[in-house]
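These notes are about the structure you will find just below.
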Amino acid sequence: MDATRAKTEVSKQKQANNGGAMNRRGFLGGMAAVSGALFGGKRARAAAGREKMDGWTGKISGFGQTGNVYEELGLTTVINGQGTMTYLGGSLLRPEAEAVMRLASLHFVNIMDLEAAAGRKISEMLKLPQGYTAIVTSGAASAIQNGYSGILTGDTIAHIRQIPDLTGLKSEVLIQKAHRSPWDHQIRATGVKLIEVETVADVHNAINERTAAMHFLNLADPDGQIKRREWLALAHAANLPAFIDAAADTPPKSNLSEYANMGYDLVSFSGGKAIRGPQCSGLLIGRQNLVRSALLNMSPNEDVLGRIAKVGKEEIIGLTKTIELYLAEDEEALQKDQWRQLDTISAAVSQISGVSISKNVPPIANNFPTMQIHLDPGRTGIRAREVVEKLAAGKPSIVLTAGESPDSNTIEITAIDLQPGQDKMIGDALAKILRARPA
Ligand SMILES: *Cc1c(COP(=O)(O)O)cnc(C)c1O
């Protein structure tokens, strides 16, 4: 892109992002009009509030009748001592959230209006700063991709249709080298190039007219030279939006508003991890104009990059209820309960020769009770990885994390996803394997 054209585009972008007449109408005003332009006309029919019960008696026949849909499909469910891993299903949905999802499934509603209304309710519950709102996305990854789409396109329909072709648009996002992660694929999906930096001087050198935003991976705060407040200050000094991905960084629940209060322009969270909302949900929190632009790039709109990131009325309602429930929860009591479960496991194995125990609460991501069982393979006769494989192959199947390196041979356990009684099952199974070493 040549410099003159870039400059024109920069000023157009600024208009779209900050000053456009569209944005002054506020988050809801004009939403239907812009959204209408992104729908096929014949499909823009208003969804009437029709109530039509399907006559279900509450009794399942056919598939699902045994109560274990996974076993009916020939699968084995597992005891999850690994934590809120998406590949295992993340977390178990709160019963009350499930109940309101069922209620949500009984009616039609305009999804764009629902997103705006849920966003207002979530903002109230989280006491977000003035000028901030939220939308429910199909996960934190979706919040990242759609958030960046919005940063790049503003409300300009032609740009929304155009990306990931960034001709004429900004095209670079700064990220600290230590903050690169599998989730930055979602940033690259919008077409931007990630520019790696390490020092403040690098940041100053890297910022140019193509720079669209600055990305921060919250869990990498200790690893990068530039910490979250300084990163934000650098972005704002350069008039750039700052995005922070805090997907797995609840608990504590105060984090849900912490980074918006700090001044981050966009913040992403997972809805299906420790907060136990719908598995395919997430939150994009941020400045109203940016959140609105993100939503325009997302399902239900068509011919948009985020059309693949569909979020249903059930998830929107389910996550809204989940946040209410999560905020009301006794965080300390929950932690105590998890420590008690980990203590049960520890008591079952700590006396075995070659076994030692440590416990911690990771300071940022997955900030909940975690226990490490260290093995001295010379004395236990078995390595962590073998133990974990045996547990997974057992009945019931138990999934724990093995950490092996030249100087560590460790099994790690969290209790965040353990159900009552599963602590004892894990302790018994572990003890059996660890005591069975060759004579
Ligand atoms: C889990 C995670 C994501 C993805 O979140 P989903 O809700 O599964 O889409 C993104 N970033 C980080 C840091 C995560 O831990």
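Note that ligands are numbered from 1 as they come in the structure, with each ligand's atoms numbered from 1 the same way. Because the structure is predicted, anything quoted here is derived from the model rather than measured. FYI, the numbering just counts along the sequence from 1.
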Under 3.5 Å, is there a donor-acceptor pair between the T410 and H374 side chains? yes
Nearest non-hydrogen atom to atom 14 (C) of ligand 1 belongs to which of K273, Q279, Q145? K273
Is it the case that ligand 1 has an N or O less than 3.5 angstrom from some N or O of I144? no
Tell me, which protein residue and heavy-atom name are nearest atom 9 (O) of ligand 1, and how many Å apart are they? A141 N, 2.9 Å
Taking the non-hydrogen atoms of D249, is any one of them nearer than 4.0 angstrom to ligand 1? no
Would you say ligand 1 has an N or O under 3.5 Å from any N or O of G139? no
Output every pair passing side chain to side chain donor-acceptor pair (under 3.5 Å) with a member in residues 388-399, not counting sequence neighbours, ordered by first then second residue. none
What protein heavy atom is closest to atom 8 (O) of ligand 1, reported as residue, atom name and distance in Å? T86 OG1, 3.6 Å
Return yes when Q186 approaches ligand 1 closer than 4.0 angstrom through a heavy atom, no otherwise. no
Side chain to side chain contact (heavy atoms under 4.5 Å, CB included) against A189, all qualifying residues, sequence neighbours excluded: Q145
Taking every non-hydrogen atom, the tightest pair across L283 and A134: CD2-CB, 4.2 Å
Can we say K321 and E324 salt-bridge, meaning some charged N sits less than 4.0 Å from an Asp/Glu carboxylate O? yes
What protein heavy atom sits nearest atom 12 (C) of ligand 1, and how far away is it? A247 CB, 3.3 Å
Write out the residue and atom name of the closest protein heavy atom to atom 4 (C) of ligand 1, then the distance separating them to 0.1 Å. W183 NE1, 3.5 Å
Any atoms of ligand 1 less than 4.0 Å from a non-hydrogen atom of L217? List them with their elements. 13 (C)
Write down the atom of G277, the atom of L319, and the distance for their closest heavy-atom approach. CA-CD1, 4.4 Å
Among all protein heavy atoms, pick out the one at the shortest distance from atom 11 (N) of ligand 1; state its residue, atom name and that distance to 0.1 Å. D245 OD2, 2.7 Å
Should the proximity of N218 to ligand 1, defined as any heavy atom under 4.0 Å, be assigned to the side chain, the backbone, both, or neither? neither
E329 with R94: basic N within carboxylate O range, under 4.0 Å: yes
Report the member of A143, G271, A246, S270 with the shortest heavy-atom distance to atom 5 (O) of ligand 1. S270
From CA spacing to verdict: side-chain hydrogen bond (donor to acceptor under 3.5 Å, both in side chains), N218, D249: CA-CA 8 Å; N218 196 43; D249 304 343; 3.0 Å; yes
Check for a donor-acceptor pair, side chain of T199 on one end and backbone N or O of D202 on the other, with a separation under 3.5 Å. yes
Per-atom contacts, ligand 1 versus A248 - under 4.0 Å to a heavy atom: 15 (O)
Under 4.0 Å to a heavy atom of L219 - the qualifying atoms of ligand 1, by number: 13 (C)
Of all protein heavy atoms, the one nearest atom 6 (P) of ligand 1 is A140 N, 3.3 Å
For V267 and A260, which heavy atoms make the closest approach, and how far apart are they? CG2-N, 4.1 Å
